[in-house]
Amino acid sequence: MFLPTLREAPAEAEVPSHKLMLRAGMIRKLASGIYSYLPLGLRVIRKVERIIREEMDRAGAQEVLLPAIQPRELWDKSGRWNVYGKELLRFKDRHDHHYCIAPTHEEVITDVVRREVRSYRQLPLILYQIQTKFRDEIRPRFGIMRGREFGMKDAYSFDADDEGAEKSYQRMYEAYCRIFKRCGLKFKVVEAETGPIGGSFSHEFMVLADTGEDAIVSCSECHYAANAEKAEVTSPDPASSLSTPLKPLEKVYTPEIKAVSEVSEFLGVFPQELVKTLIFQTDDGVVAALVRGDHEINHVKLRNFLGSHVLELADEQTIVGVTGAPVGFAGAIGLHNIRIIADNAIRGMRNFVMGANEKDFHYINVNLDRDFKVDSFGDVRMITSQDRCPKCGGLIQFFRGIEVGHVFKLGTKYSEALNATYLDKEGKERLLVMGCYGIGVGRTVAAAIEQNHDSDGIIFPITIAPFQVIILPLDMSDRMIAETAESLYKSLISKEIEVLLDDRQEWAGIKFKDGDLIGIPIRVTIGRKTLDKGSLEVTLRSKRATHLVKPHEAPSFIEELIKKEIYDQTE
RNA sequence: CGGGACGUGGCUCAGUCUGGUAGAGCACAGCGUUCGGGACGCUGGGGUCGCCGGUUCAAAUCCGGCCGUCCCGACCA
């Protein structure tokens, strides 16, 4: 088998899954965010795909395969040629026609379905495909966790009405739970933002891991869980300070003091007594956003609140132009001709600190209305651990997660844009109601490794392991050991057990190390020491528990062990 | 796109400051000893020092440009 393992991790790898996949000879990099899968890696990918196919088919979805290269016209119709941005890789063919490499397949699938589906009798319909997609990520990282080219399963549902769409969504949701459970993952389902895909609501399937790119929150009391950027802040304004009498506004000298931490330290106040003023560039001009010093602005919320496509922190020049001061001294007092948005938490503040729009100066004892006016208040900040659950008021907990699946209820966004309709019972023309459901296949593998490894290597859940069993004959030059290994290999194969025989002329230590590294769940060690006593060793990678077994009993013992492992994992 | 770091044999890295014969460990090939947790000995092969240009008697080393990779940030399924 072509299985080039590495003793040391290449310098480019940062997180455990990336390092281990390289070291275990699963993948190799071709360019930034673009990887080749070697035999071992491909086997794991195929395992995950098989589970996905089984569960999709069971849920009544049918597999198709759609083009990866798509003409611009299709993307113009949905309006996404312009909206999608630089992530969409575009190019021209020899006739100068524009094409893109599909980052997702809503357009084509809707196009296929609208041509073929005429009647409500053909509904509901769920189609899915597993294929390579391309998104020209700003910063690919963590190996195949955030690659540019990546394997993805995407499913699309078409229903006659909202009620039907709801059922399809539910069905996919349940299939997803089964898929990730079968892959041996510990995951959470959270409410999420819909992003450029669009739609009315969505859930993300998050694999819990410290190295996850997403922050998620969940309630300690009820079932509420959400992506941190989605999580609503409903905490009441701390009204206590509102009874404090207003003090007179005062300008203080704060040389070279800019960051919130510097200002609060310099003035001897808490960060929550400061107000940060952030200047943003939007679709229609520059906007100022105010949040409390210890809070963080939530870009998604602010963008939604403003209804703007573009939302970027303004560059230094713009800030100087608008505030008249260098970055770090912006404030709301004296800001004219620009919209001022404030987070709800600002309402409850009295006598706070704010930039003076003048180099090296801040105001203290600033107060709303008296000193400046806010155009509108809203929930535009990130939730914190001090906030309460928006559903039940319980305590909020934070986790890190890797997004492996995302389900969206799309509604009629694409059917409207591409005119995908059917005739109902009354013969009236109506829009198809859609949903879309993605799973990152490679990312699921990376997440599984992120969640299941130790200092020696990967510990694959048996359902997605490249092989279920690895046989290690410690000395291939020993006739009896070699023969015992060969015959065990054959009898396991005949039981349709996936087994790898390490028949290399290598040191025992190397075989053990490689075996641990590539993470095969069950190891059979055949060596002089125990063979002389008439037995083999069967070891579980996960628990390091060893059983001594007679050679002729080994095949059925292993078969039972595999069944038990699969059962334990999916119970 | 902004900030930072890096690019020397397949891998990990030294050498660059202070210009003067291109190195180590691992890996690889051969022979021998060996064979239960990354052995040992001997021998050997392998490098346009990322690319282009400049300075110099002389450049891996100094200067300029470009390319690539990684990290942090902005952004994003």
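All chains are named by letter (A, B, ...) in the order of the sequence lines, taking the proteins before the strands, and each is independently numbered beginning at 1. In this text the structure is predicted, and so the values were computed from the model without any measurement.
Across B/G36, B/C1, B/C76, the shortest atom-to-atom separation from the side chain of A/Arg303 is found for B/C76. Proximity note for A/Thr530 (side chain, C-beta onward) versus B/C76, B/G36, B/U12: the nearest is B/G36.
Residue-level contact check: A/Leu474 touches the bases, meaning some heavy atom is under 4.0 Å from a base atom. Residue contacts for A/Glu8: at a heavy-atom cut-off of 4.0 Å it reaches a base atom on one of the strands shown. Base engagement by A/Asp514 is indicated by at least one non-hydrogen atom pair under 4.0 Å involving a base atom. Within the 4.0 angstrom heavy-atom criterion, base atoms lie near A/Gly527. Across all strands shown, A/Ala192 has no heavy atoms under 4.0 Å from either base or sugar-phosphate atoms. Among the heavy atoms of the strands lying under 4.0 Å from A/Arg523 is at least one base atom, whether or not backbone atoms are also near.
Counting to the nearest Å, the C1' atom of B/C76 and the CG atom of A/Asp214 are 10 Å from each other. If you measure from atom CD of A/Glu204 to atom P of B/C76, you get 13 Å, rounded to the nearest angstrom. In this structure, A/Met480 places its CE atom 17 Å from C1' of B/C35, rounding to the nearest Å. Distance, A/Phe150 CZ to B/C76 C1': 11 Å, rounded to whole Å. Between A/Lys513 atom NZ and B/G37 atom C1' there is a gap of 6 Å when expressed in whole angstrom units. Atom CD in A/Gln281 sits roughly 18 Å away from atom P in B/A74 (whole-Å rounding). Summarising the geometry, the separation between CD on A/Glu506 and P on B/C26 is reported as 15 Å, rounded to the nearest angstrom. Atom pair A/Asp136:CG and B/C75:P shows a separation of 18 Å (rounding to whole Å applied).
In this structure, the ring of A/Tyr176 has its center no less than 6.0 angstrom from the ring center of A/Phe187.
Residues satisfying the side-chain hydrogen bond (donor to acceptor under 3.5 Å, both in side chains) test with A/Arg504, not counting sequence neighbours, are A/Asp502, A/Asp514. Scanning for salt bridge (charged side-chain N to carboxylate O under 4.0 Å, His left out) contacts around A/Asp379 gives A/Lys301, with sequence neighbours left out. Listed by chain and number, the residues in a side-chain hydrogen bond (donor to acceptor under 3.5 Å, both in side chains) with A/Glu506 amount to none (sequence neighbours excluded). Contacts of A/His18 classified as side-chain hydrogen bond (donor to acceptor under 3.5 Å, both in side chains), with partners at least two apart in sequence or in another chain: A/Tyr35.
Nucleotides B/C63 and B/G68, compared at atom P, are 23 Å apart to the nearest Å. Taking the C1' atom of each, B/G44 and B/A27 are spaced 15 Å apart, rounded to whole Å. With C1' as the reference atom, B/G32 and B/U21 are 34 Å apart, rounded to whole Å. The P atoms of B/U61 and B/C17 are separated by 9 Å, rounded to the nearest whole Å. Look at the C1' atom in both B/C28 and B/G47: the space between them is 15 Å, to the nearest Å. One P atom belongs to B/U8, the other to B/C1, and the distance between them is 24 Å to the nearest Å. For the C1' atoms, the distance from B/G64 to B/G2 is 23 Å, rounded to whole Å. Comparing B/G53 with B/U69, their C1' atoms are spaced 23 Å from each other, to the whole Å.
Under the Watson-Crick and G-U wobble criteria, each requiring two contacts below 3.5 Å, nucleotide B/U18 is left unpaired. Look at B/C28: its Watson-Crick or wobble partner, with both distances under 3.5 angstrom, is B/G44.
Between B/C75 and A/His299, a contact under 4.0 Å exists linking OP1 or OP2 to a side-chain N or O.
Each of A/Glu296 and A/Ile526 lies near RNA chain B, and the nucleotide nearest A/Ile526 is the one positioned closer to the 5' end.
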*Evaluate the ring pair (Phe, Tyr, Trp, His ring centres under 6.0 Å) criterion for residues A/Phe408 and A/Tyr156: first the C-alpha distance (whole Å), next the side-chain angles of each, then the deciding distance (0.1 Å), finally the verdict.*
CA-CA 10 Å; A/Phe408 299 81; A/Tyr156 301 94; over 10 Å; no

N/O-N/O pairs, protein side and nucleotides 69-72 of chain B side, under 3.5 Å:
from: B/U69; atom 1: OP1; to: A/Ser32; atom 2: N; distance (Å): 3.0
from: B/U69; atom 1: O3'; to: A/Lys29; atom 2: NZ; distance (Å): 3.0
from: B/C70; atom 1: OP2; to: A/Ser32; atom 2: OG; distance (Å): 3.2
from: B/C71; atom 1: OP2; to: A/Arg139; atom 2: NH1; distance (Å): 3.4
from: B/C72; atom 1: OP2; to: A/Arg139; atom 2: NH1; distance (Å): 3.1
from: B/C72; atom 1: OP2; to: A/Arg139; atom 2: NH2; distance (Å): 2.7

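Put simply, the side chain of A/Phe467 does not reach to within 4.5 Å of the side chain of A/Ile522, judged on heavy atoms.
Between the side chain of A/Glu537 and the base of B/G36, at least one donor-acceptor pair of N or O atoms lies under 3.5 Å. Residue A/Asp475 places no side-chain atom within donor-acceptor reach of the base of B/G36, judged by atom type and a 3.5 Å distance cut-off alone.
Sorted by first and then second residue, the ring pair (Phe, Tyr, Trp, His ring centres under 6.0 Å) pairs with a member in residues 285-305 of chain A read A/Phe280-A/His299; sequence neighbours excluded.
Separating the CG atom in A/Asp478 from the CZ atom in A/Arg528 is a distance of 4.5 Å, to the nearest 0.5 Å.
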